Asker: 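Here's a structure for you.
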Amino acid sequence: NNLDWEWKKYPVIRLDLNAVSTNGGVETLKQSLRNLVKNAAICLNIELRGDLPSDQFCNLILDVSRKYGEKTVVIVDEYDKPLLNTIDVPDIHIKMRDELKSFYGVLKSSDPYLRFVFLTGVTKFAHVSIFSDLNHLKDITLHPLYADLCGITQEELERDFVPEIDAVLQEKNRDRETYLAELRRFYNGYRFSGKALTVYNPFGLLNHFADGGTFSPYWYETGTPTFLLKLIANQNINILDLNDMRVAYEDFSKFAVETMKALPVLYQSGYLTITDYDDELRQFTLDYPNIEVSSCFAKSLLEYNFQPSDEKARALYVKLPAAFFKGDVEGVMDALRSFFGTIPSEITTRLEYYYETAVHLVFTMLGMHCRSEVRIASGRIDTLVETKDYVYCFEFKLKGSVKQALEQIDTKEYLLPWKGSGKTLFKIGVKFDHRRHNIGVWEFRKC
C-alpha cells in the first residue's frame, strides 16, 4: 500500500466450469469448453478461430491481446469440477484429465500474452496430472500471505459489519459479547496456512445477517459432493475421529486419482481446517472449523451411510436438543430409540462401531458439542456431550452389559476432568440389540 501503483485496465477472459456437463463423457466436456470460450469471445468482441477447445482458447488469448494492446488476464473458476464429477469412474476420469491437460496447457504456451492467471478449485491434481505442464503457476493454497483471502477476519467483522451486528442485538435483545462468541463458534474457524489466523465463512455469515441473525447451517444448501462421501467410505476413514487428525505436508499435493487421500481433500473442500502446524515434523492437525460445517457434514454422512426416513426423523431432531439442554436423559434415549427405528434394517450391521457412528452423527448434526472416542489419561470415552449446564458420558456395549458399561465409567473415572465444573454429570450405559437393530436396554446415574 506504500507503493505507487499504476492502475491499468486489462482484458479479462473468465471461464466458469461449475456448470460444465460431464454426463456425456469427454465429448460433452469438449462441447462445454467450446461454449465457455465462445461466450468469453462474444463478451470481448472477438471472432473465434479454430475447432478444438484448446485451439480456440489459445487463439482467443492471442487475439484479445492483439485487439486491446495489452496482455490478457485469465480467470478460471472451479477448474477441477469435471474431474470431481467423474472421480469414481476412473476410465472416464482419465479421459477428462487428458482433455483438460491439453486445454489448460495452452496457458503455458501463451505466457508471452498473459498478464495474470488465477485458477480456483477444490483440489490440486498434480504431477502426472493436468498441472504437469503448468509448472510456472504458483500454488497459494497454504501460503501465509493469502491466509485471509477467502474469508472475513474478526477485525473485519467488528469493523465493517457494525450496522448488521447492532441490528441483530436490538432485534434479538442480546448481549454483544455473547452474540459475537456465538458467531465465532458457528461461522469462524477456517485457517488456511501455518499462520495462526482464522476467518469466517462469508456465505454463512452474510446469510446469517440477511436472515435477521438466524443461526442456521447455510453450508448444507451448497451440498456435499458425493465423491467425498465415497472417498471416506472407500478409505475406511474413522468418522468418529475426524477431529485432531494429523496430515503430512506432502499429502496436500497428492491429488492424482490414483493417490488421492481423503483428509487433505476434506481440507481443500472446506469440511476440515487447520488447527495446528508442527514446523519440525511438517505436519498439520485438522479439525472441523465450526458448528455450521460439522453439523452439515454430519447430516450428509448420516444420510449417505444410514438413510434414515426424513419424515420420521425430522421430529426427533427437534426433541433431542431440547432434551439435552433440559437434562432429560430419558427424553434423549427415547428420541435415539425412535431414530434407530427410521433406519432401514437391511443396511444395519452387527458392529458396535456402526451404532456409535450413528449416535455421533446425530448429535453432531444437531449442533451439540459432541466428541467421540475421547482420549483421556485413564482411557477412551465412547461419546461425550457437553452443554452449558450438563455433561453426558456415554459408554456403549454390543456384547457386554449395561452394568459393565457403568462400571467402566466409574473404574476409569471418565468424568473426573469435569468434577468441580459446576455442571450436572450423567453417566449413561447403553447396550445395543443387533437383532432389533436398536438400543436394547440402558441405565443412567447422576453424579
Side-chain angles (χ1 to χ4, degrees), residues 217 239-240 291 294-295 298-303 305-374 381-410 414-415 418 423-447:
I239 296 172
L240 302 178
I291 291 177
S294 61
S295 62
K299 181 171 173 52
S300 295
L301 288 167
L302 192 71
E303 292 173 347
N305 290 286
F306 297 95
Q307 304 164 30
S309 168
D310 283 344
E311 198 171 311
K312 293 180 180 179
R314 198 171 293 118
L316 307 176
Y317 299 157
V318 175
K319 294 178 182 178
L320 262 171
F324 269 123
F325 284 109
K326 290 190 299 185
D328 180 7
V329 180
E330 291 188 0
V332 169
M333 298 308 298
D334 285 346
L336 271 182
R337 262 183 165 163
S338 297
F339 166 76
F340 276 109
T342 70
I343 300 176
S345 59
E346 61 269 18
I347 69 170
T348 59
T349 66
R350 296 188 177 189
L351 297 174
E352 188 175 298
Y353 172 77
Y354 162 86
Y355 294 98
E356 288 182 32
T357 302
V359 171
H360 172 84
L361 291 176
V362 170
F363 292 167
T364 303
M365 180 193 70
L366 297 174
M368 307 305 302
H369 184 198
C370 170
R371 290 176 291 158
S372 295
E373 298 191 348
V374 183
I381 303 171
D382 279 347
T383 295
L384 190 85
V385 175
E386 191 170 357
T387 70
K388 179 183 177 183
D389 300 311
Y390 304 99
V391 176
Y392 301 82
C393 178
F394 293 86
E395 183 63 31
F396 302 115
K397 298 293 180 185
L398 186 61
K399 296 181 180 179
S401 65
V402 168
K403 181 180 178 182
Q404 288 173 326
L406 292 171
E407 286 177 350
Q408 184 172 328
I409 296 174
D410 288 335
Y414 284 162
L415 285 168
W418 290 271
K423 298 185 178 185
T424 301
L425 312 180
F426 293 106
K427 42 192 175 183
I428 307 165
V430 180
K431 177 175 174 58
F432 295 110
D433 185 341
H434 67 82
R435 288 169 297 185
R436 297 181 178 180
H437 315 294
N438 209 318
I439 293 170
V441 292
W442 61 272
E443 291 181 24
F444 82 96
R445 295 173 191 165
K446 185 189 296 187
C447 57

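Note that this is a predicted model, so its numbers are computed, not measured. Both backbone and side-chain heavy atoms feed into the values below; hydrogens, waters and symmetry mates do not.
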Asker: What closest approach, in Å, do A358 and L302 show between heavy atoms, and which atom pair accounts for it?
Answerer: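 Of all heavy-atom pairs spanning A358 and L302, the closest is O-CD1, 4.0 Å.
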Asker: Provide the closest heavy-atom pair for Q404 versus K397 in the form atom of the first, atom of the second, distance.
Answerer: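 In this case the closest contact between Q404 and K397 is C-CE, 4.5 Å.
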Asker: If you apply the rule side chain to side chain contact (heavy atoms under 4.5 Å, CB included), what do you find for C393 with I381, and how did you get there?
Answerer: CA-CA 7 Å; C393 178; I381 303 171; 3.7 Å; yes
Asker: Determine whether D389 and T424 satisfy the following criterion, side chain to side chain contact (heavy atoms under 4.5 Å, CB included), listing intermediate values before the conclusion.
Answerer: CA-CA 6 Å; D389 300 311; T424 301; over 6 Å; no
Asker: Under the rule for salt bridge (Lys or Arg N to Asp or Glu O under 4.0 Å), what residues qualify as partners of D433, not counting sequence neighbours?
Answerer: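 By the salt bridge (Lys or Arg N to Asp or Glu O under 4.0 Å) rule, D433 matches R435, R436.
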Asker: Before you tell me yes or no, could you show the steps for W418 and L384 under side chain to side chain contact (heavy atoms under 4.5 Å, CB included), namely the whole-Å CA-CA distance, both residues' side-chain angles and the distance that decides it to 0.1 Å?
Answerer: CA-CA 11 Å; W418 290 271; L384 190 85; 3.2 Å; yes
Asker: Can L361 and F306 be said to form a side chain to side chain contact (heavy atoms under 4.5 Å, CB included), step by step?
Answerer: CA-CA 10 Å; L361 291 176; F306 297 95; 3.8 Å; yes
Asker: Listed by chain and number, what are the ring-ring contact (aromatic ring centres under 6.0 Å, His included) partners of F426, not counting sequence neighbours?
Answerer: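 Y390, Y392, F444.
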Asker: Under 3.5 Å, which donor-acceptor pairs do the side chains of residues 319-332 form with other protein atoms, sequence neighbours left out?
Answerer:
{"unit_1": "D328", "atom_1": "OD1", "unit_2": "E330", "atom_2": "N", "d": "3.4"}
{"unit_1": "D328", "atom_1": "OD1", "unit_2": "G331", "atom_2": "N", "d": "2.9"}

Asker: Show me the pairs that pass salt bridge (Lys or Arg N to Asp or Glu O under 4.0 Å) and involve residues 437-447, at least two apart or across chains.
Answerer: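 Non-adjacent pairs meeting salt bridge (Lys or Arg N to Asp or Glu O under 4.0 Å): D410-R445.
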Asker: Got I343 and H437 here, is their nearest side-chain heavy-atom distance under 4.5 Å?
Answerer: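 The answer is no; the side chains never approach within 4.5 Å.
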Asker: Using a 4.5 Å cut-off on heavy atoms from C-beta on, say whether the side chain of I439 contacts that of F432.
Answerer: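 Yes. Closest side-chain heavy atoms under 4.5 Å.
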Asker: Of all heavy-atom pairs between L398 and K431, which one has the smallest distance, and what is that distance?
Answerer: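 Between these two residues, the closest heavy atoms are O-NZ, 2.9 Å.
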Asker: Identify, with sequence neighbours excluded, every residue that meets salt bridge (Lys or Arg N to Asp or Glu O under 4.0 Å) alongside E386.
Answerer: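 Checked E386 against salt bridge (Lys or Arg N to Asp or Glu O under 4.0 Å); matches are K423.
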Asker: Within the side chain of T342, is there an N or O that forms a donor-acceptor pair under 3.5 Å with the backbone of F339?
Answerer: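 Checking the backbone N and O of F339 against the side chain of T342, a donor-acceptor pair under 3.5 Å is found.
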Asker: Looking at residues at least two apart in the chain, or sitting in another chain, which of them share a side chain to side chain contact (heavy atoms under 4.5 Å, CB included) with T383?
Answerer: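 Expected list: F363, C370, S372, V385, F394, F396.
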